Amino acid sequence: MSFAVALKWSFLSELAAKVVASLLFVVLARLLAPEDFGVVAAATMVITFSQIFWDAGMGQAVIQYRGDRAAASDAAFWINCVLALVASTLLFLTANVLAERIFHDERVAAVLQVMSLQFLLTAAVSVHSALLQKDMQFRPLFWMRLSTVALPALISVPLAWQGFGYWALIAGTLGGQAAQSVGLWRISPWRPRLSFDCRVAWELTRFGAWVGASGLLAWFYVWADSLIVGMYLGSHELGVFRTGNQLAMMIFAIPFGPILPVLYSHLSRIGHDRHRLAQAVDKASRAVILLATPIALIVFSLADPLAAALLGPTWEGIGPVVAVMALAHGVSWVIGMNGEVYGAMGKPHYETLSMAATLPIYLVAYVIAIREGLDLFLWTRLALAIGAMLLRCAMLRATLLTNLLPIAGYFLKIAASVAFIVAATHHLGQQLLWGAWPQLLIIGTVDVLLVGSAIVMLERKGIISEITKLMRTRQP
């Protein structure tokens, strides 16, 4: 399957999932209270933390592995299943301690115990999904996700309407995961055998250990801010922060979510050729900047009407969270593919080291800033994202032996152009329009049209043309 075809099906799959998830998110936010989302966020951060250990990077290891495919698949499957069983048992037994000592909320304990079932459901199909991605078979993945993507809504919305609170979110999550697990078993021809090659398992484990270490560090980057907010400010503020952050993440996930799985498969095929890899990274970096920068600045300018229109009055104070986190995610996406690049080179530990270098600074800054309130915490979060981007760009430059100054200049050009347009439309819109929906729809539409036209004028013969050629290239 060509890169273009794979990207098309991956995009359609992610688009269907993200659009339905976004609509479900908005509906549930109007039915549930911030505390309900806070309880689920507390449980989810523990679940995702535990997942790092049972997953052990086996999915990426299978995709990257160039040896005996069958032996690698069997080894990865049994490793995942055994570790998932151990992790779910430990979590069930320690849920009460975690809920009381970390989150100071006994409601979290029961949620953790129920959600531990998710480990077993996911482990049962992790290799199936990895093999489909390895073969760039995103079309069957699209149809499977399309057929199951609405199930969480069918479960969660009626329960939330009937007053089940955070349990509506839990039921939808588990129901959707169970449906996807069944779907992956049906569409994947691979079946595990009662076979375990210790040599292959060791090779996978060595690679997966670095992926897992990177995942552990990534967890801290994704969840440490929520953890600190929950510990210091409580479930209500955690719900506001996490929901605002999630809204910003969802906006970026729609265009970027489909790209990373296809990009990793594509880069893994050329990872042995440093020159081709550097060229692909240059094109991909410019494409990310061209898309992420306008999204970040437009969402920043429209955060208040966006939050008021979509979430309603219950979520007072969430606008600044959406605004600042949109900028932070826009900056972070500039280096969002670094892990895929290092993994494609067979050197996932590079990403681990780059993340480890900045993590202590993040944690110290979080703890200091949260003592002064959520506003300072948000701006500190943005400053840290900018610092991490500069450091990790420098490391990528040293790894690929390529000059990234043109990329920096390109970023500043796009950012300045978009900021000028967005600032002008925001100023005029605030003077002429009243109400959240008119501001969101009219200013947002004008922003998209003007910024899109400016980008086409600036890059018609540049990165847009280059990406079009890459999309048409069939992979060897």
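Values in this document were obtained by computation on a predicted structure and should not be read as measured data. Heavy atoms only: backbone and side chains are in, while hydrogens, waters and symmetry mates are out.
- Counted within 6.0 Å of CZ on R186, heavy atoms from surrounding residues, nucleotides or ligands total 12 or fewer; the atom is thus considered open.
- Within the structure, no pair that satisfies the side chain to side chain donor-acceptor pair (under 3.5 Å) test touches residues 315-327, not counting sequence neighbours.
- Looking at heavy atoms from C-beta onward, T48 lies out of side-chain contact with V222 at the 4.5 angstrom threshold.
- For the atom pair L432 CG and I442 CD1, the distance stands at 9.5 Å (nearest 0.5 Å).
- The side chain to side chain donor-acceptor pair (under 3.5 Å) pairs that include a residue from residues 438-458 are T425-D447, where partners are two or more places apart or lie in different chains.
- Using a 4.5 Å heavy-atom cutoff, the side chains of L363 and L359 are in contact.
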Step by step, work out the side-chain contact (heavy atoms from CB on, under 4.5 Å) result for H236 and V240. CA-CA 6 Å; H236 182 274; V240 170; 3.9 Å; yes
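- Sorted by first then second residue, the side chain to side chain donor-acceptor pair (under 3.5 Å) pairs that include residues 377-394, not counting sequence neighbours, are D225-R381, E351-R392, Y366-R381.
- Atom CZ of F49 is separated from atom CD1 of I52 by 6.0 Å, given to the nearest 0.5 angstrom.
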Starting from the C-alpha separation in whole Å, work towards a yes-or-no answer on side-chain contact (heavy atoms from CB on, under 4.5 Å) for V108 and L98. CA-CA 8 Å; V108 177; L98 294 173; over 6 Å; no
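- Contact annotation: the side chain of L374 approaches that of V321 to within less than 4.5 Å [non-hydrogen atoms, C-beta and beyond].
- Checking side-chain atoms of S156 against main-chain N and O of A168 turns up a donor-acceptor pair under 3.5 Å.
- Every residue two or more places apart in sequence or in another chain that forms a side chain to side chain donor-acceptor pair (under 3.5 Å) with H329 is listed here: N245.
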Evaluate the side-chain contact (heavy atoms from CB on, under 4.5 Å) criterion for residues V331 and L327: first the C-alpha distance (whole Å), next the side-chain angles of each, then the deciding distance (0.1 Å), finally the verdict. CA-CA 6 Å; V331 169; L327 294 180; 5.6 Å; no
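- Side chain of S332 to backbone of A328: a donor-acceptor contact under 3.5 angstrom is found.
- G244 and I318 make their closest contact through N-CD1, 3.5 Å (heavy atoms, listed as atom of the first residue, atom of the second, distance).
- For the pair S301 (side chain) and I298 (backbone), a donor-acceptor distance under 3.5 Å is present.
- The shortest distance between side-chain heavy atoms of T44 and T173 does not fall below 4.5 Å.
- The closest donor-acceptor contact from the side chain of W185 to the backbone of Q180 lies at 3.5 Å or more, if one exists at all.
- Separation of atoms CE (M231) and OG (S226) is listed at 13.0 Å; rounding is to 0.5 Å.
- Under a 3.5 Å cut-off, the side chain of S181 and the backbone N or O of L121 do form a donor-acceptor pair.
- How far CD of Q177 is from CG of L151: 11.5 Å, rounded to the nearest 0.5 Å.
- Within the structure, no pair that satisfies the ring-ring contact (aromatic ring centres under 6.0 Å, His included) test touches residues 412-453, not counting sequence neighbours.
- Annotation: ring pair (Phe, Tyr, Trp, His ring centres under 6.0 Å) contacts of Y342 (sequence neighbours excluded): Y350.
- Counting heavy atoms from C-beta on, the side chains of L169 and F37 come closer than 4.5 Å.
- Counting only heavy atoms from C-beta outward, the side chains of F241 and M325 approach each other to under 4.5 Å.
- By the 4.5 Å heavy-atom criterion applied to side chains, P294 and I421 are not counted as neighbours.
- Taking the side chain as every heavy atom from C-beta outward, L174 and Q118 approach each other to under 4.5 Å.
- Rounded to the nearest 0.5 Å, atoms OG1 (T293) and CZ (F411) are 5.0 Å apart.
- F220 contributes atom CZ, which lies 8.0 Å from atom CG of L227 (distance to the nearest 0.5 angstrom).
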